[in-house]
Asks: 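One structure follows; several queries about it will come next.
Quantities reported herein were computed from a predicted structural model and do not represent experimental measurements.
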Amino acid sequence: MLKEEYLLGNPLQIDSDKYIDIEEPGVLINHSCEPNAGIANTTTLIALTDITQHTQIFFDYSTTMSDGLWIMNCACSSIHCRKIIEDFHLLPELLKEKYLKMAIVQDYIVREHAAKA
């Protein structure tokens with residue numbers, strides 16, 4: 001999927017100019033600033049905490065975003081809520097480092113981050 005097409009469907013950014021369209025059940029996973037899951041190895045959803053049956057699954061959308069094209073107001077109700085969901089490079093430094101250590105940041109963003117360091 002090209003950047004121009006990313007508004008169609010349910011895109012997940014997997015490279016600086018590549019998106020995949022998420023279908024069910026992936027499209028049912030929402031954002032939280034205090035996620036219980038994350039995306040590792042580009043497309044693999046992993047649990048960050050024990051997730052019991054009937055618990056909603058959340059990941060931090062910012063760990064997959066670095067295109068400067070999309071932001072969203074956040075109302076996740078977490079005490080850590082940032083109030084806005086935006087690109088990874090705009091996250092607070094400590095949070096970026098935490099997510100990088102957890103290996104739940106898209107590989108292309110990890111490369112971009114390393115190049116800026």
Asks: Would a single hydrophobic cluster contain both Phe88 and Met102, if residues Ile, Leu, Val, Met, Phe, Trp and Tyr are joined by side-chain heavy-atom contacts under 4.5 Å?
Replies: yes
Asks: Sequence neighbours left out, what passes side-chain contact (heavy atoms from CB on, under 4.5 Å) with Thr52? Give chain and number order.
Replies: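 For Thr52 the side-chain contact (heavy atoms from CB on, under 4.5 Å) partners, ignoring immediate neighbours, are Thr55.
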Asks: Check Cys33 against Cys76 and note the closest heavy-atom contact, atom names and distance.
Replies: N-SG, 3.5 Å
Asks: Any chance you could measure Ile85, atom CD1, to Thr63, atom OG1, to the nearest 0.5 Å?
Replies: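 One gets 11.0 Å once the value is rounded to the nearest 0.5 Å.
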Asks: Verify the cluster assignment for Met65 and Ile14: are they in a single hydrophobic cluster under the rule of side-chain heavy atoms below 4.5 Å apart?
Replies: yes
Asks: Under the salt bridge (Lys or Arg N to Asp or Glu O under 4.0 Å) definition, can you give me all pairs with a residue in residues 28-50, not counting sequence neighbours?
Replies: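 Pairs touching residues 28-50 that pass the test: none.
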Asks: Residues in ring pair (Phe, Tyr, Trp, His ring centres under 6.0 Å) with Phe59, at least two apart?
Replies: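 Partners of Phe59 under the ring pair (Phe, Tyr, Trp, His ring centres under 6.0 Å) test: Tyr61.
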Asks: Please report the closest heavy-atom contact between Pro11 and Asp21, naming both atoms and the distance.
Replies: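 Closest pair (atom of Pro11, atom of Asp21, distance): N-OD1, 4.0 Å.
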Asks: Using the salt bridge (Lys or Arg N to Asp or Glu O under 4.0 Å) criterion, which residues pair with Glu93? Sequence neighbours excluded.
Replies: Lys96
Asks: Kindly list each side-chain donor-acceptor pair under 3.5 angstrom involving residues 104-117, sequence neighbours excluded, with atom names and distances?
Replies:
{"residue": "Gln106", "atom": "NE2", "partner": "Gln13", "partner atom": "O", "Å": "2.9"}
{"residue": "Gln106", "atom": "NE2", "partner": "Thr42", "partner atom": "O", "Å": "3.2"}
{"residue": "Tyr108", "atom": "OH", "partner": "Gln13", "partner atom": "OE1", "Å": "2.9"}
{"residue": "Tyr108", "atom": "OH", "partner": "Gln13", "partner atom": "NE2", "Å": "3.2"}
{"residue": "Tyr108", "atom": "OH", "partner": "Thr64", "partner atom": "O", "Å": "3.0"}
{"residue": "Tyr108", "atom": "OH", "partner": "Ser66", "partner atom": "N", "Å": "3.4"}
{"residue": "Glu112", "atom": "OE1", "partner": "Ser66", "partner atom": "OG", "Å": "2.6"}
{"residue": "His113", "atom": "NE2", "partner": "Glu97", "partner atom": "OE2", "Å": "3.3"}

Asks: Could you pull out all residues at least two apart from His54 that satisfy side-chain contact (heavy atoms from CB on, under 4.5 Å)?
Replies: none
Asks: When rounded to the nearest 0.5 angstrom, what distance separates NE2 in His31 from SG in Cys74?
Replies: 3.5 Å
Asks: Thr44: which residues meet the side-chain contact (heavy atoms from CB on, under 4.5 Å) condition with it, sequence neighbours left out?
Replies: Asn41, Ile46
Asks: Are Leu48 and Pro35 side-chain neighbours, meaning at least one heavy-atom pair lies under 4.5 Å?
Replies: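 Of all side-chain heavy-atom pairs linking Pro35 with Leu48, at least one is under 4.5 Å.
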Asks: Working to the nearest 0.5 angstrom, can you tell me the gap between Ser62 OG and Leu95 CG?
Replies: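 Result: 8.0 Å between the selected atoms.
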Asks: Answer whether the closest heavy-atom distance between the side chains of Pro25 and Glu23 falls below 4.5 Å.
Replies: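 Of all side-chain heavy-atom pairs linking Glu23 with Pro25, none is under 4.5 Å.
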Asks: Do the non-hydrogen side-chain atoms of Gln56 and Phe58 ever get within less than 4.5 Å of each other?
Replies: yes
Asks: I'd like to check Ile29 versus Ile57 (side-chain heavy atoms, cut-off strictly below 4.5 Å). Are they in contact?
Replies: yes
Asks: Do Leu12 and Ile39 make a side-chain contact, defined as non-hydrogen atoms from C-beta onward lying under 4.5 Å apart?
Replies: yes
Asks: Enumerate the salt bridge (Lys or Arg N to Asp or Glu O under 4.0 Å) contacts for residues 71-89, please, sequence neighbours excluded, ordered by first and then second residue.
Replies: Asp60-Arg82
Asks: According to a hydrophobic-cluster definition based on side-chain heavy atoms being under 4.5 Å apart (Ile, Leu, Val, Met, Phe, Trp, Tyr only), do Leu91 and Trp70 belong together?
Replies: no
Asks: What residues, two or more places apart in sequence or in another chain, satisfy side-chain contact (heavy atoms from CB on, under 4.5 Å) together with Glu24?
Replies: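 Glu24 satisfies side-chain contact (heavy atoms from CB on, under 4.5 Å) with Val27, Leu28 once adjacent residues are dropped.
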Asks: Please find the pair of heavy atoms, one from Ala40 and one from Ala103, that lie closest to each other, and give the distance.
Replies: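 Between these two residues, the closest heavy atoms are CB-O, 3.6 Å.
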